[in-house]
There are 2 protein chains.
Amino acid sequence: MSKIVSERSDVIPSLAEIFREHGFEGASLSTITEKTGLGKGSLYHFFPGGKEEMAAAVLSEIDGWFVTQVFAPLRSADDPRSAIARMCRSVSEYFRSGRRVCLVGAFALDNVRDRFIDQVRDYFAEWRCALAEALENAGCPQQDAVALAEETIAAIQGGLVLARALDEPGIFERTLERVQSRLLAAPHEEDQR
Amino acid sequence: MSKIVSERSDVIPSLAEIFREHGFEGASLSTITEKTGLGKGSLYHFFPGGKEEMAAAVLSEIDGWFVTQVFAPLRSADDPRSAIARMCRSVSEYFRSGRRVCLVGAFALDNVRDRFIDQVRDYFAEWRCALAEALENAGCPQQDAVALAEETIAAIQGGLVLARALDEPGIFERTLERVQSRLLAAPHEEDQR
DNA sequence: TTGCTACTGTACCGTTTGGTAAACAGTGTG
DNA sequence: CACACTGTTTACCAAACGGTACAGTAGCAA
């Protein structure tokens with residue numbers, strides 16, 4: 001057999017897709033070997049901890065992506081309002097305009113949350129915090145900023161759930177537009193005081 | 001052994017709780033027998049179709065509850081605005097102020113959606129439709145009504161996800177309050193035109 | 001060429017899975 | 001009392017589960 005010399009990081013995207021499709025419990029090792037093209041031997045070589053380590057790695061990569069692509073830009077933006085607009089664009093692309101589900105949100109719903117509780121909590125806590133910071137930098141009072149950030153993230157998650165439930169990706173896109181205009185309007189209102 | 005003479009409908013609430021906790025794939029028959037107190041024999045007596053029929057029965061009951069407690073009152077209300085307020089109260093109680101998860105939403109996220117696609121779609125479609133009707137009856141233009149209904153349901157679902165992810169039920173309560181005030185404000189704005 | 005390391009395929013492990021079969025017990029009806 | 005009906009228990013099954021062990025192979029450095 002040819003030695004493909006794959007790296008651990010090479011399989012993570014397909015692992016992510018598998019967990020998104022089947023959930024943690026629904027993703028069996030046979031599914032994973034089939035869809036990744038890696039045998040059990042290779043999988044356990046890269047992830048000695050089995051499924052749990054695979055899922056943890058996936059969550060880590062997701063978190064990493066959001067930290068660099070979304071959270072950090074929100075925090076350190078010169079122009080927070082354009083950073084917010086960029087967040088909406090990134091999020092829309094990441095979730096494929098509503099055709100892709102949020103794995104962290106899916107994990108949060110049932111008992112698998114408890115196995116990855118730190119990663120799940122951190123993901124959303126960081127997001128809320130980063131977005132609130134950007135809103136504050138744009139002139140939004142702290143209390144309003146946190147509330148609006150919370151509302152925004154919840155709306156995004158709910159948009160994903162509803163879009164998938166009704167199989168209407170447009171729902172997510174409309175949600176995102178509503179959210180964006182509300183985010184961009186908020187600091188303005190405060191400026192006018 | 002004593003004959004407990006349980007009925008099919010008696011186990012459905014605990015089945016619902018089991019699926020909420022573990023998800024569909026994560027709920028094994030041994031978990032189910034343990035938590036319902038019924039042996040496999042009894043379970044297959046009531047649900048010859050196995051897990052799938054159990055979950056379908058649970059979804060049916062959930063849908064039934066929402067139809068009578070939420071959707072119908074929204075549609076046939078003399079005073080649509082108080083019906084909307086009552087919806088918010090019912091929903092808050094049903095989801096235990098954010099400590100309970102929406103099973104239909106959870107099912108929607110991964111592949112199990114496709115096994116129950118009709119029930120999942122109907123649940124949300126009916127909700128959106130009923131709420132939009134109530135908004136129209138309150139004087140909201142049709143297009144705005146549908147959009148606001150959609151936004152509301154997505155917000156509720158997202159509130160549940162985020163509340164559970166961060167283990168802060170308060171997030172859901174705040175979401176619900178925001179949603180309610182937006183629903184009650186909307187027809188008013190239209191009236192003032 | 002010889003090793004060492006990183007990776008891969010396969011056979012296998014014990015356990016658990018969803019599901020079936022049959023014997024059996026309580027209850028109501030004739 | 002006899003009967004059917006409705007639950008319930010128990011034992012059982014093949015298949016699939018997550019996971020392990022290990023021999024083997026490709027790649028590379030000395």
K.L.:
Among the candidates C:dA6, D:dG19, C:dG19, find the nucleotide nearest to the side-chain atoms of B:Leu29.
P.N.:
C:dG19
K.L.:
May I ask you to decide if B:Gly64's main-chain N or O and B:Thr68's side chain share a donor-acceptor pair within less than 3.5 Å?
P.N.:
yes
K.L.:
Per the atom types in the model, does the base of C:dG9 pair as donor or acceptor with the side chain of A:Lys40 at under 3.5 Å?
P.N.:
no
K.L.:
Taking all heavy atoms of A:Ala83 and all of A:Ala77, pick out the closest pair and write down the distance.
P.N.:
CB-CB, 3.4 Å
K.L.:
Closest approach to the side chain of B:Ser42, judged atom by atom: which nucleotide of D:dT9, C:dA6, D:dG19 is it?
P.N.:
D:dT9
K.L.:
A:Ser28 near the nucleic acid: base, sugar-phosphate alone, or nothing, with a heavy-atom cut-off under 4.0 Å?
P.N.:
sugar-phosphate
K.L.:
Give the nucleotide from the list D:dG19, D:dG7, D:dC17 with an atom nearest to the side chain of B:Phe46.
P.N.:
D:dG7
K.L.:
Is the number of heavy atoms from other residues, nucleotides or ligands under 6.0 Å of A:Gln142 CD greater than 12?
P.N.:
no
K.L.:
Does B:Asp78 have more than 12 heavy atoms from other residues, nucleotides or ligands lying within 6.0 Å of its CG?
P.N.:
no
K.L.:
Measuring from the side chain of B:Lys51 (C-beta onward, heavy atoms only), which nucleotide among C:dG19, C:dT8, D:dG18 has the closest atom?
P.N.:
C:dG19
K.L.:
At under 4.0 Å between heavy atoms, what does A:Gly41 touch on the DNA or RNA strands: base, sugar-phosphate, or nothing?
P.N.:
base
K.L.:
Could you work out which one of C:dG19, C:dA6, D:dG19 sits closest to the side chain of B:Tyr44?
P.N.:
C:dG19
K.L.:
Contact class for A:Gly39 (heavy atom, under 4.0 Å): base, sugar-phosphate, or nothing?
P.N.:
sugar-phosphate
